[in-house]
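Note sheet for the following structure.
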Amino acid sequence: MPQFIIFIDFDYFFAQVEEILNPEIREKPVVVCVYSGRTETSGAVATSNYLARKIGIKSGMPLPQAMKIGKDRAVFLPIRKDLYKEWSDHIMDIISEYSDKIEIASIDEAYIDVTDSCKDFNDAVNTAQKIKDEIYNKTGVRVSVGVSVNKAIAKVLGDMAKPNGIKSVGPSEIQDFLKGLEISKIPGVGKVIGQRLNDAGIKYITDVINADRDQLINIIGTAKYNYLYDIANNTYNKPVTPREKKNFGRYMTLPENTRDVNIIIPYVKKAIDSAYEKAPGLPSELSLVAIMEDISILSRSYTGARIDKNRALEIAIGLLNRIINEDQRNIRRVGVRLGKITKNETLDDFF
Ligand code: TTP
Ligand code: CA
């Protein structure tokens with residue numbers, strides 16, 4: 001039985017969030033910078049939008065060099081990690097509605113396994129498109145998506161789909177696809193290993209099947225050999241492994257953009273009910289998250305002892321009132337996030 005795996009990677013993520021919050025910069029090269037603080041221009045580029053990449057400004061580049069290329073035409077912004085994390089959490093929450101088997105691989109990458117909920121591969125591709133559309137409609141973030149029969153090929157396809165694309169290779173096409181797939185495209189095969197394999201006559205992933213096993217193990221070690229061999233042979237099936245989820249968020253779209261708490265509160269309640277249903281225990285931290293009419297995200301948090309559902313509503317309403325008092329904008333979506341969850345004790349814990 002093949003797995004149906006969807007891989008999602010957010011496009012030029014940090015810079016894209018900055019563009020969404022400030023659409024005027026979208027027509028320019030945008031560079032998100034990590035300033036080291038030693039001198040005014042010391043530091044490096046975290047990421048850049050595609051216009052900046054076009055003129056040669058890329059992740060990891062020293063800032064003085066980037067500024068030389070981009071002066072007068074690029075927008076340089078300081079990194080806002082907490083903000084991107086907030087957006088990432090929101091998007092990951094949207095994705096996790098589609099499967100409990102979600103592996104959050106980094107701030108902007110996730111795998112989900114939809115084998116159980118999809119009747120065939122076509123259904124998995126449709127689900128992937130739905131997730132992509134929902135992320136865009138709810139946050140404005142564009143993502144690239146790969147759908148296939150294992151994690152490695154889903155990621156290969158996600159990379160090929162950049163930017164803003166979706167690519168799939170199902171069970172009936174996988175053999176042909178592997179035949180034309182260069183080994184350098186496989187996740188985990190960097191420049192150095194790719195070159196060494198090329199030197200040993202391995203250009204395509206399927207070349208691994210007939211290569212001299214001992215010779216290859218000498219070059220890349222047993223673990224990597226087995227990994228590549230399994231991919232080539234289409235027997236790679238490493239499971240999507242959910243990391244322990246640290247928080248559970250649920251969001252509701254309001255019927256209209258509003259600041260009227262009487263309209264908003266029933267939706268807060270729905271979000272709380274739904275989040276508590278998912279969470280494996282009681283939280284000690286509760287955040288109220290408001291997605292404003294211009295799509296920016298505001299949140300306010302409360303920390304206390306194990307918070308039950310009834311108290312959660314009271315606390316959330318207090319936090320909502322704080323946001324309404326401190327900000328003039330209308331709210332478009334509202335949600336809650338439960339953090340620092342203590343697992344419920346079950347009988348199993350006593351034996
Ligand atoms: P990536 O997914 O590698 O890059 P990206 O999202 O900016 O662009 P792409 O469209 O090609 O996917 O990295 C995700 C985020 O990680 C990126 O937005 C910023 C951060 N990052 C750094 O801070 N330093 C780095 O050197 C790299 C590569 C990424
Ligand atoms: Ca990315």
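Read the numbers this way: they start at 1 and go in the same order the structure lists the ligands and their atoms.
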Any N or O of [X] that comes nearer than 3.5 Å to an N or O of ligand 1?
{"X": "Phe13", "value": "yes"}
{"X": "Val45", "value": "no"}
{"X": "Thr47", "value": "yes"}
{"X": "Asp108", "value": "yes"}
{"X": "Phe14", "value": "yes"}

- Query: Identify the closest protein heavy atom to atom 26 (O) of ligand 1: which residue and atom is it, and at what distance?
  - Reply: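 The closest heavy atom on the protein side is Ser59 CB, 3.7 Å.
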- Message: Can you report which non-hydrogen protein atom sits closest to atom 25 (C) of ligand 1, along with the distance?
- Response: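 Checking every protein heavy atom, the shortest distance to atom 25 (C) of ligand 1 gives Ala46 O, 3.5 Å.
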- Task: Ignoring hydrogens, just give me the one of Met61, Lys162, Arg53 whose non-hydrogen atom is nearest atom 8 (O) of ligand 1.
- Result: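 Minimum heavy-atom distance to atom 8 (O) of ligand 1 goes to Arg53.
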- Sub-4.0 Å heavy-atom approach of Tyr84 to ligand 1: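 Contact absent.
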- Message: Check whether Asp207 reaches the backbone of Tyr204 with its side chain - one donor and one acceptor, N or O, closer than 3.5 Å.
- Response: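 Looks like yes, one N/O pair under 3.5 Å.
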- Asn198 side-chain N/O to Ile202 backbone N/O, donor-acceptor pair under 3.5 Å: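 Yes; at least one donor-acceptor contact below 3.5 Å.
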- Query: Under 4.0 Å from ligand 1, counting heavy atoms only, is it the side chain of Ile79, its backbone, both or neither?
  - Reply: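 No part of Ile79 is near ligand 1 at this cut-off.
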- Taking only Lys NZ, Arg NE, NH1 and NH2, and the carboxylate oxygens of Asp or Glu, determine whether Lys151 and Glu103 approach each other closer than 4.0 Å.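 Salt bridge between Lys151 and Glu103, a charged N being under 4.0 Å from a carboxylate O: yes.
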- Item | Arg337 bridged to Asp93 by N-O distance under 4.0 Å |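 Between Asp93 and Arg337 there is a salt bridge, with a charged N closer than 4.0 Å to a carboxylate O.
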- Task: Quick one: do Val145 and Ile131 satisfy side chain to side chain contact (heavy atoms under 4.5 Å, CB included)? Show the steps, please.
- Result: CA-CA 9 Å; Val145 181; Ile131 297 172; over 6 Å; no
- Does the pair Val156 and Leu181 meet the rule for a side chain to side chain contact (heavy atoms under 4.5 Å, CB included), with working shown? CA-CA 9 Å; Val156 167; Leu181 180 60; 3.8 Å; yes
- Task: State whether Tyr267 and Lys270 meet the cation-pi test: NZ (Lys) or CZ (Arg) under 6.0 Å from the six-membered ring centroid, and within 45° of the perpendicular axis.
- Result: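 Judged by the rule (NZ or CZ under 6.0 Å from the ring centre, within 45° of its axis), Lys270 counts as positioned above Tyr267.
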- Could any protein non-hydrogen atom be found less than 4.0 Å from atom 3 (O) of ligand 1?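 For atom 3 (O) of ligand 1 the answer is no, since every protein heavy atom stays at 4.0 Å or beyond.
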- Query: Given O of Phe10 on one side and OD2 of Asp108 on the other, what angle do they make at the Ca ion (ligand 2), to 10°?
  - Reply: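 About 90° at the Ca ion (ligand 2).
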